[in-house]
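In what follows, a single structure is set out as structure tokens and then discussed.
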Protein chains: 2
Amino acid sequence: MTSSTPPPKDRGIPEATVARLPVYLRALQSLTERGIPTISSEDLAATTGVNSAKLRKDLSHLGSYGTRGVGYDVEYLVYQVSRELGLTQDWCVAIIGAGNLGRALANYGGFGSRGFRIAALLDADPDVVGLGVAGLTVRHTDILEDVVVDEGVSIGVIATPAAAAQGVCDRFVRAGVTSVLNFAPVVLNVPPTVDVRKVDLSIELQILAFHAQRKADGNRLGLLDG
Amino acid sequence: MTSSTPPPKDRGIPEATVARLPVYLRALQSLTERGIPTISSEDLAATTGVNSAKLRKDLSHLGSYGTRGVGYDVEYLVYQVSRELGLTQDWCVAIIGAGNLGRALANYGGFGSRGFRIAALLDADPDVVGLGVAGLTVRHTDILEDVVVDEGVSIGVIATPAAAAQGVCDRFVRAGVTSVLNFAPVVLNVPPTVDVRKVDLSIELQILAFHAQRKADGNRLGLLDG
DNA sequence: ACCTGTGAAGCTGTTCACAGCA
DNA sequence: TGCTGTGAACAGCTTCACAGGT
């Protein structure tokens, strides 16, 4: 067994925990900026909107990085969470679709700052190709495969219209990309080795509408019943 | 007991089910457009990427709308799912922040088409106020409260920079909005009566990075072990 | 024969409550 | 005393497998 690396802990971190780590990380980075050296699970839980026991259990999956009676060292925890999330290395991202959404993504500050480098912003529309967006020049979708290989793209972002999404996804997959972030309102078909995450604006609205309706119905019943 | 309304079923639909209903709805609408009158749970599950038993259980929460031996009537199911999600009525939406993301949202076709009307697109920057976006004129954030009251806004969308988000949210809440969709990378503080959903682009990327790293580590171990 | 609707089992995630350490 | 780390109980979700209509 090689022994130079510190025990990177069990790989079996629950999905639910993984989804919360970025939230903790952001809060911790803000604490660093404000020069706060230490934080308790109770306080960190409050600022991130979770239960403190849950937060402790989440962090315990990475290792025992807290000190009983004191709390967590902010800077150390930032490093450990970053490492666990794979943010100590850089990830190359290609964004396909330079419409409103693609441009918004390219301009989104959070990308560059946190270990994500936008290698390319591509579009199929000749009128859009050549435009400058966020320090990038929009290039044509034709070169998708070249970009993936030459720049070592490991995450593909699909910000195309729904009709084009599956085609773009297939090209990503054939070129070797195994992580896809999909903003198009379609269910993508991929081999099981490929990881797809979906962000769907209208679904979020519909979920809100459901709850809004329930609140309205509840009030109406409340008037009838009491 | 009043009897004119059809039994709208138990209000206790699981969150996980609610989150999938919009996906089913989209698939069903596409079936309607293609003139397909009937679909089995197996087929609908395949196109939406879920397990067929899960789909049946999800739909069973709305009522018994299928026919054994046949499947589900597409048009009828579209109606029932729409009704359950509250999409048979219109919801007024106000988008705050007319930067790249706000404009992308305003231009997003899925909004208007599915029972969501954009009542206003507001921004705090005087240079942006007055611009035309997707048939709307950007107005100043100052009138947020007026818009909410006058137009009957029930869903507020926050597409501002992080620093402005909590302030905008507070104003929404004070004006009576109880559903908020937040795109800013902050945890919003709201009273428990208010429903907040969050969409965070960089969190999605970080989750992908975690899995990408795990795949990479796995390969590396594979090389060492075998 | 076919397909829905659902009890039951199993799994994942959350919360409680406290042992154990600083 | 204060706070972490965690077993144990609990709650919610998924999947299986099949009873029960058509």
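As the structure is a prediction and not an experimental result, all values here were calculated from the model. Lettering of chains follows the sequences in order, A, B, ..., and the numbering in each one begins at 1.
Judged purely by distance below 3.5 Å, without hydrogens or angles, the side chains of Arg56(A) and Ser60(A) never pair a donor atom with an acceptor atom.
When the shell of 6.0 Å around CD of Glu75(A) is examined, it contains 12 or fewer heavy atoms from other residues, nucleotides or ligands.
Contacts of residues 23-32 of chain B with DNA chain D (heavy atom under 4.0 Å): none.
For the pair Asp58(B) CG and dT4(C) P, the computed distance is 14 Å after rounding to whole Å. Straight-line distance from the CG atom of Leu55(A) to the P atom of dT4(D): 9 Å, rounded to whole Å. The nearest whole Å value for the distance from the CD atom in Gln80(A) to the P atom in dT4(D) is 17 Å. As a whole-Å value, the separation of Asp43(B) CG from dT4(C) P is 9 Å. Remark: P of dG2(D) and CD of Glu42(A) are 13 Å apart, rounded to the nearest angstrom. A straight line from CD of Glu15(B) to P of dT14(C) spans 14 Å, rounded to a whole angstrom. Distance Lys54(B) NZ to dG5(C) P: 18 Å, rounded to the nearest Å. Straight-line distance from the NE2 atom of His61(B) to the P atom of dG5(C): 12 Å, rounded to whole Å.
Between Tyr72(A) and the phosphate of dG5(D), there is a side-chain N or O to OP1/OP2 separation shorter than 4.0 Å. Contact check, Ser41(A) against dC3(D): no side-chain N or O comes under 4.0 Å of OP1 or OP2.
Using a 4.5 Å heavy-atom threshold, the side chains of Val74(B) and Leu44(B) count as separate.
One finds the CG atom of Asn182(B) at 11.0 Å from the CD atom of Glu204(A) (value rounded to the nearest 0.5 Å). Taking CZ of Phe210(A) as the start and CG of Leu21(B) as the end, the distance is 7.5 Å to the nearest 0.5 Å.
Applying the salt bridge (Lys or Arg N to Asp or Glu O under 4.0 Å) rule to Arg68(A) yields no partners; only residues at least two apart in sequence or on another chain are considered.
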Begin with the C-alpha distance, continue with both residues' side-chain angles, and end with the deciding distance and a verdict on side chain to side chain contact (heavy atoms under 4.5 Å, CB included) for Asp195(A) and Lys215(B).
CA-CA 10 Å; Asp195(A) 213 352; Lys215(B) 281 182 247 177; 3.7 Å; yes
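Between Tyr72(A) and Tyr65(A), the ring centre distance reaches or exceeds 6.0 Å.
For the pairing with Tyr24(A), the side chain to side chain donor-acceptor pair (under 3.5 Å) check across Thr17(A), Thr47(A), Thr48(A), Asp58(A) returns one residue only, Asp58(A).
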What does nucleotides 16-22 of chain D look like as a protein-contact string, B for base, S for sugar-phosphate only, - for none, at under 4.0 angstrom between heavy atoms?
BB-BBBS
